[in-house]
**Student:** 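Dropping a structure here in structure tokens format, bear with me for questions.
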Protein chains: 2
Amino acid sequence: MGKLFSKTYLALRQEILSGKLASGKSLIEQTLADRFEVSRTPIREAIRQLQREGLVESNRGGGLRVTVVTIADAIHLYDCRLGLEQVAAMGACENATAAQLEDLQDCLAQANLSDPTDPSMRSPNNVDELENRLRIDQSFHRLLADSSGNPQLADLLEQVFSKMALLRLTTTYQNPDVLEIWAEHEQIVAAIVQRDSQAAAIAVRNHLVASKMRVVQALQGLKTEASLQGIALF
Amino acid sequence: MGKLFSKTYLALRQEILSGKLASGKSLIEQTLADRFEVSRTPIREAIRQLQREGLVESNRGGGLRVTVVTIADAIHLYDCRLGLEQVAAMGACENATAAQLEDLQDCLAQANLSDPTDPSMRSPNNVDELENRLRIDQSFHRLLADSSGNPQLADLLEQVFSKMALLRLTTTYQNPDVLEIWAEHEQIVAAIVQRDSQAAAIAVRNHLVASKMRVVQALQGLKTEASLQGIALF
DNA sequence: CGTATACTCAATGTATACAATTTTTCTCGC
DNA sequence: GCGAGAAAAATTGTATACATTGAGTATACG
């Protein structure tokens with residue numbers, strides 16, 4: 001029952017999100033078809049879907065490639081989130097169901113579980129632990145988007161998140177402090193629970209402005225580091 | 001040099017935006033292929049692109065159709081714009097080039113040209129004139145998005161605009177007063193010219209909140225009107 | 001008469017062959 | 001050696017045939 005294109009879509013997506021297919025890598029239909037042992041047709045369909053999600057973009061001069069996210073893009077994406085997630089938070093104050101509020105709180109609980117005041121956990125060198133936290137963070141923001149009761153909004157945010165996921169591939173491992181976020185998340189949830197949309201919007205704004213700053217700093221750190229080694233990152 | 005799929009894409013897009021292919025109409029590859037006298041392959045490519053733009057969506061139960069925009073969707077889309085365009089306006093205050101500022105002002109001038117205090121022009125029964133104003137309005141908002149210097153943002157807004165264009169097919173002709181907007185547009189431009197991002201954000205907010213209200217009222221008018229006639233609009 | 005099963009048909013999914021186009025590489029003349 | 005131009009290869013675009021799936025219909029059986 002599993003359509004071939006959806007299998008290859010999932011596989012490709014996984015490879016992109018895991019970095020196995022690096023940012024900027026150009027996608028050749030025949031090559032992929034050979035690798036996945038299907039014809040070009042399902043590959044094309046899979047690529048189209050990835051294009052819709054923003055994980056694949058067209059190379060200048062024709063051809064497709066895995067989307068490249070530059071520092072400038074990162075900033076721009078954060079600004080998009082800033083606009084959209086404030087609206088989402090206000091929507092959530094009006095429309096979040098009891099179940100959704102619980103889910104949000106569960107998310108916080110899960111995060112706290114792995115984030116005691118133990119300083120060794122604050123900046124874990126453990127990659128699994130980091131990935132786990134990232135997953136929870138993504139869940140949180142996705143949950144927030146869904147709670148807004150605005151599917152159009154959730155859709156747009158999903159696209160932004162996809163591209164940010166690409167970004168994190170290069171960033172977060174280098175910058176565990178990005179995970180100061182949980183106190184900020186708690187403020188957001190608190191405001192939503194109280195159905196205080198002004199406070200929620202402000203909390204989201206604070207969170208995203210701070211996150212943006214953290215990430216940009218991390219990226220610029222990476223950049224100078226890379227340029228010292230003569231690596232062209234962006 | 002014109003690839004077939006781009007021709008059929010343009011044709012299909014035109015038909016959708018002009019209403020010739022009505023909202024909700026389901027798209028059958030073979031049928032379209034016959035009509036445009038090409039094979040199914042370019043049709044599929046064209047449809048995928050339209051899907052990316054949000055003009056085509058998947059029907060529950062499989063199959064694709066021209067996107068249906070309900071009243072709820074209209075509200076949701078306005079909320080998305082509210083978030084995104086405020087950010088756009090603030091970005092424009094920082095990044096708009098002299099040329100872009102001029103373009104924005106030209107846009108206003110063009111609108112005023114066809115909007116003297118002549119009351120007969122205020123609610124033109126002239127369809128061409130209405131379409132012209134709509135075009136100018138779209139240009140204005142697109143220009144605003146571009147002036148932000150944030151391509152990601154412009155991209156997201158473009159998607160929103162596409163769906164709104166579908167909406168206007170049913171709405172605006174019935175509701176010429178929607179075009180009270182120009183005074184509001186002037187405030188936006190004034191703020192951007194002065195590089196006052198707070199004022200710009202507020203002006204955008206005012207404009208979109210008002211527009212949203214106008215459109216929702218118009219839609220609800222349509223709805224009751226239609227239900228009186230036993231027509232299921234949404 | 002109702003229901004379940006098999007059939008039919010319409011639509012999409014997949015493979016493949018071929019065309020058109022673009023890019024690369026090779027060679028020839030300078 | 002190097003640039004122009006032609007041959008070759010690689011890549012995407014298009015057509016078409018066939019497979020699969022799913023929805024609807026007819027039919028046979030209880």
Side-chain angles (χ1 to χ4, degrees), chain A residues 1-16 20-68 155 162 166 232, chain B residues 1-16 19-68 155 162-163 166 232:
Chain A
M1 182 247 155
K3 305 279 165 67
L4 283 188
F5 88 81
S6 83
K7 283 191 191 307
T8 59
Y9 158 72
L10 289 172
L12 270 178
R13 179 189 164 84
Q14 172 57 24
E15 291 198 359
I16 292 174
K20 188 178 169 193
L21 260 175
S23 245
K25 182 97 183 173
S26 85
L27 300 170
I28 310 300
E29 292 176 3
Q30 190 57 56
T31 307
L32 296 171
D34 291 346
R35 188 139 73 78
F36 290 106
E37 298 182 301
V38 296
S39 80
R40 278 171 55 210
T41 317
I43 296 285
R44 284 171 78 125
E45 292 293 318
I47 289 180
R48 296 296 174 265
Q49 186 150 344
L50 290 166
Q51 238 179 319
R52 252 171 274 147
E53 294 175 36
L55 290 177
V56 166
E57 66 187 2
S58 61
N59 221 329
R60 72 261 154 218
L64 298 172
R65 66 176 184 192
V66 179
T67 297
V68 175
D155 244 43
S162 288
L166 274 180
Chain B
M1 182 248 152
K3 307 278 164 70
L4 284 188
F5 89 81
S6 81
K7 283 191 190 308
T8 59
Y9 158 73
L10 289 172
L12 270 177
R13 180 188 164 86
Q14 172 57 25
E15 292 198 358
I16 291 174
K20 189 178 168 192
L21 261 174
S23 245
K25 182 95 183 175
S26 87
L27 301 170
I28 309 300
E29 291 176 4
Q30 190 57 58
T31 307
L32 295 171
D34 291 345
R35 188 140 73 78
F36 290 106
E37 296 180 302
V38 297
S39 80
R40 279 170 54 209
T41 316
I43 296 285
R44 284 172 78 125
E45 292 293 318
I47 289 179
R48 296 295 173 266
Q49 186 150 345
L50 291 167
Q51 238 179 318
R52 251 172 274 148
E53 295 175 34
L55 289 177
V56 167
E57 66 187 1
S58 61
N59 220 329
R60 72 258 152 217
L64 299 171
R65 66 176 184 191
V66 179
T67 296
V68 175
D155 244 43
S162 289
K163 291 197 188 171
L166 274 181

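Quick caveat, the model's predicted, so the values are computed rather than measured. Naming convention: chains lettered A, B, ... in sequence-line order (proteins, then strands); numbering from 1 in each chain.
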**Student:** Closest to the A/T41 side chain: C/dT16, D/dG13, C/dG13?
**Tutor:** C/dT16
**Student:** Does B/L27 reach a base, just sugar-phosphate, or nothing at all? Heavy atoms under 4.0 Å.
**Tutor:** sugar-phosphate
**Student:** From OH of A/Y9 over to P of C/dG13, roughly how many Å is that when rounded to an integer?
**Tutor:** 15 Å
**Student:** Measure from CZ on B/R60 to C1' on D/dA23 and round the result to the nearest Å.
**Tutor:** 15 Å
**Student:** For the pair A/K25 and A/E15, find out whether any cationic side-chain nitrogen is under 4.0 Å from an anionic carboxylate oxygen.
**Tutor:** no
**Student:** Could you check if a side-chain atom of B/L4 sits within less than 4.5 angstrom of a side-chain atom of B/F36, using non-hydrogen atoms only?
**Tutor:** no
**Student:** Using a heavy-atom cut-off of 4.0 Å across all strands, would you classify A/L64 as base, sugar-phosphate, or nothing?
**Tutor:** nothing
**Student:** Write down the atom of B/R48, the atom of B/L64, and the distance for their closest heavy-atom approach.
**Tutor:** NH1-CD1, 3.8 Å
**Student:** Assuming nearest nucleotide by heavy-atom distance, tell me which of A/R40 and A/S6 is located more 5' along DNA chain C.
**Tutor:** A/S6
**Student:** I need the minimum non-hydrogen distance between B/G54 and B/K163, along with the two atoms involved.
**Tutor:** O-CE, 3.6 Å
**Student:** For the pair made of CD in B/Q49 and C1' in D/dG13, what is the distance, rounded to whole Å?
**Tutor:** 14 Å
**Student:** Please examine the side chains of B/L27 and B/V66, heavy atoms only from C-beta on, and report whether any two atoms are closer than 4.5 Å.
**Tutor:** yes
**Student:** Near DNA chain C, which residues from residues 28-38 of chain B have a heavy atom under 4.0 Å away?
**Tutor:** B/I28, B/E29
**Student:** Can you tell me how far P of D/dC18 sits from CG of A/L4, to the nearest Å?
**Tutor:** 19 Å
**Student:** Taking only side-chain N and O atoms of B/S39, does any of them lie within less than 4.0 angstrom of OP1 or OP2 on D/dA15?
**Tutor:** yes
**Student:** Between B/A46 and B/T8, what is the shortest heavy-atom contact and its length?
**Tutor:** CB-OG1, 3.6 Å
**Student:** Do the charged groups of B/R13 and B/E53 touch, with an N to O distance under 4.0 Å?
**Tutor:** yes
**Student:** B/K3 side chain: which of D/dG13, D/dA15, C/dT14 is closest?
**Tutor:** D/dG13
**Student:** Can you find a donor-acceptor N/O pair under 3.5 angstrom joining the side chain of B/R44 to the base of D/dG13?
**Tutor:** no
